[in-house]
Amino acid sequence: MAENKIPYKIYLEEDEMPKAWYNVRADMKNKPAPLLNPGTLQPMTAEELGGVFCEELVAQELDNDNAYIEIPQEIRDFYKMYRPSPLVRAYCLEEKLQTPAKIYYKFEGNNTSGSHKLNSAIAQAYYAKNQGLKGVTTETGAGQWGTALSMACSYLGLDCKVYMVKVSYEQKPFRREVMRVYGASVTPSPSMETEIGKKINAEHPGTTGSLGCAISEAVEVAVKNPGYRYVLGSVLNQVLLHQSIIGLETKAALDKYNIKPDMIIGCAGGGSNLGGLIAPFMGEKLRGEADYEIVAVEPASCPSFTRGVFAYDFCDTGMVCPLAKMYTLGSDFIPSANHAGGLRYHGMSPVLSQLYHDGYMKAVSVEQTKVFEAAEEFARVEGILPAPESSHAIRAAIDEALRCKETGEEKTIVFGLTGTGYFDMVAYEKFHDGKMSDYIPTDEELAKYAAKLPKVE
Ligand SMILES: *Cc1c(COP(=O)(O)O)cnc(C)c1O
């Protein structure tokens with residue numbers, strides 16, 4: 001059987017790496033809705049966006065037409081330090097599960113930042129540098145994005161100011177120190193350095209912050225400091241574009257062995273890794289050339305796709321950012337404090353939101369103890385210590401493989417293993433000590449936040 005010839009790890013050669021990113025918007029009939037100016041409720045123009053983001057990234061954000069966008073040589077050279085990333089056949093997991101399903105995972109944790117976020121960080125830092133900027137500002141929750149951006153900025157000699165959600169700043173001192181190794185300044189958010197930070201601190205004394213707050217602070221600092229722009233690690237169209245490298249490599253590796261996946265699974269926080277992983281497959285699906293089952297996996301405690309509303313909403317708590325049309329739980333929504341599994345953002349990529357709305361993909365939500373059970377099962381047979389975020393995808397892949405065991409289906413499943421969990425040991429500790437609970441917001445709670453969505457249409 002040709003099957004036996006498939007190695008544990010399918011690597012691409014350096015010269016087989018993609019030379020252009022793929023922009024799935026070009027193949028969408030219903031384009032993602034435009035970002036709106038929160039004041040005028042009119043679509044954001046390139047000029048308006050240029051006050052916050054770098055010029056080239058604004059062009060990418062607004063580009064719904066060009067299917068391929070060349071990856072500049074400098075970025076390709078940087079990618080070569082840690083890419084192509086392996087596509088692994090999970091033979092050991094299959095054996096353990098005794099499933100007829102064939103499971104593959106694309107592993108993005110092989111770099112110091114420990115996740116796929118470096119793929120977009122280097123692109124965003126590169127365009128900032130090219131524009132002659134001094135530096136960039138950003139927010140970080142758990143710290144992976146901040147770490148990735150710090151690495152990219154230090155490589156290119158750019159200043160990097162990171163606003164880190166206060167609870168993570170305090171609970172994840174090691175992530176903070178990695179960022180400082182790469183020369184970034186890291187400020188706990190909400191801080192007393194910005195107008196919005198002071199306001200939030202005054203209104204919510206003792207608050208431990210949220211991603212939405214940290215975004216507001218980082219945007220304010222970028223807008224007020226000449227030579228600075230703001231960068232974001234997920235949600236935006238441009239970020240999904242950069243992350244298409246994941247899917248393009250995956251497809252090239254599968255094509256080498258004539259493997260056609262039946263199901264593609266990814267965890268979804270803001271949607272960037274999933275959007276990147278599925279991009280070329282979704283392109284085929286949109287063009288009617290092939291069909292795939294595409295599944296987003298989100299935490300039951302932050303269920304934007306499965307229980308959110310498809311509507312315009314603020315991307316941040318301070319309401320300074322443009323409005324995006326997306327599946328959202330409301331910009332005030334903050335997942336329960338005992339939620340340790342990441343993927344805490346209230347909204348979702350507008351591209352994925354549109355595709356989900358149009359029926360091109362589905363979504364499931366999973367409870368966090370089940371996620372950590374899957375993480376350990378995976379770690380014990382495949383060796384890699386997965387990030388809690390990534391483990392949402394593992395959970396769904398294992399569940400599907402177990403279903404195949406019942407039915408005897410020899411399904412080919414590909415999932416995105418977005419990163420490693422070395423900095424998430426407090427969460428693993430809670431799990432081991434039986435202190436992890438599964439909080440699922442009630443319909444009443446969600447309705448309360450949804451009622452506060454801005455009235456746009
Ligand atoms: C940030 C992150 C995610 C979630 O972000 P997306 O934009 O939804 O991809 C998932 N896994 C890891 C390891 C991350 O760092």
Side-chain angles (χ1 to χ4, degrees), residues 85 105-121 124 138-151 164-165 168 172 175 178-179 211 214-215 231-247 264-279 294-299 302-305 315 324 326-328 335 339-353 355-356 361 363 365-366 371 375 378 384-396 415-424 427:
S85 71
Y105 57 90
K106 178 72 168 165
F107 181 46
E108 291 292 318
N110 263 338
N111 69 77
T112 295
S113 79
S115 83
H116 64 286
K117 294 206 172 66
L118 196 53
N119 301 333
S120 183
Q124 298 196 45
T138 199
E139 76 295 330
T140 198
Q144 290 96 316
W145 168 244
T147 308
L149 188 68
S150 310
M151 290 175 69
M164 185 170 188
V165 178
S168 302
K172 300 200 171 182
R175 276 256 182 239
V178 179
M179 288 184 249
L211 266 183
I215 295 175
V231 295
L232 180 64
S234 185
V235 185
L236 296 175
N237 301 343
Q238 55 186 280
V239 183
L240 268 75
L241 174 73
H242 306 146
Q243 295 297 355
S244 68
I245 186 90
I246 304 173
I264 304 166
I265 300 172
C267 64
S272 73
N273 86 82
L274 177 63
L277 173 66
I278 65 173
I294 293 175
V295 185
V297 193
E298 59 186 15
C302 190
S304 335
F305 268 135
C315 295
M326 56 187 176
Y327 279 87
T328 179
H339 173 68
L343 311 173
R344 307 173 63 93
Y345 189 61
H346 67 272
M348 189 49 68
S349 140
V351 170
L352 292 188
S353 293
L355 290 168
Y356 178 69
M361 53 187 277
S365 73
V366 289
V371 167
F378 179 84
I384 295 169
L385 175 72
E389 292 90 341
S390 324
S391 305
H392 287 73
I394 300 177
R395 175 76 269 163
F415 73 88
L417 188 69
T418 51
T420 47
Y422 299 109
F423 291 103
D424 299 289

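Sequence positions, counted from 1, serve as the residue numbers for this chain. In listed order, ligands and their atoms are each counted from 1.
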Protein contact of atom 12 (C) of ligand 1 - nearest heavy atom, named by residue and atom, plus distance
Thr418 OG1, 3.3 Å
Taking Thr140 for its side chain and Gly146 for its backbone only, find out whether a donor-acceptor pair lies under 3.5 Å.
yes
If only atom types and distance count, is the side chain of Glu298 paired as donor or acceptor with the main-chain N or O of Leu343 below 3.5 Å?
no
Measure from the side-chain N and O atoms of Arg344 to the backbone N and O of His339, and report whether any donor-acceptor pair falls under 3.5 Å.
yes
If we count only N and O atoms by modelled type, under 3.5 Å, do the side chains of Glu389 and Asn273 hold a donor and an acceptor together?
no
Per-atom contacts, ligand 1 versus Cys267 - under 4.0 Å to a heavy atom:
10 (C)
Should the ring pair Phe305 and Tyr356 be called parallel, tilted or perpendicular, given that the plane angle runs from 0 to 90° and is split at 30 and 60?
tilted
Nitrogen or oxygen of Gly270 less than 3.5 angstrom from that of ligand 1
yes
Is a donor on one side and an acceptor on the other found under 3.5 Å between the side chain of Ser120 and the backbone of Gly233?
no
Under 4.0 Å, heavy atoms only, figure out whether ligand 1 is touched by the backbone of Lys117, its side chain, both or neither.
side chain
For ligand 1, which atoms have a heavy atom of Gly269 less than 4.0 angstrom away?
8 (O)
Without swapping roles, check the side chain of Lys117 against the backbone of Leu149 for a donor-acceptor pair under 3.5 Å.
no
Taking only heavy atoms of Ser234 into account, list the atoms of ligand 1 that are under 4.0 Å away from them.
6 (P), 7 (O)
Leu343, portion touching ligand 1 at heavy-atom distance under 4.0 Å:
side chain
Can you spot which of Ile394, Ile265, Ile384, Thr418 makes a side chain to side chain contact (heavy atoms under 4.5 Å, CB included) with Tyr105?
Ile384
If you count the atoms of ligand 1 from 1 in the order shown, which ones are under 4.0 Å from a heavy atom of Glu389?
10 (C), 11 (N), 12 (C)
If we number the atoms of ligand 1 from 1 as shown, the ones under 4.0 Å from a heavy atom of Ser115 are 13 (C), 15 (O)
Region of Ser349 engaging ligand 1 - heavy atom pairs below 4.0 Å:
neither
Using heavy atoms and a threshold below 4.0 Å, how should the contact between Ser272 and ligand 1 be classified: side chain, backbone, both, or neither?
both
Tell me the contacting part of His116 for ligand 1: side chain, backbone, both, or neither, using a 4.0 Å heavy-atom threshold, strictly below.
side chain
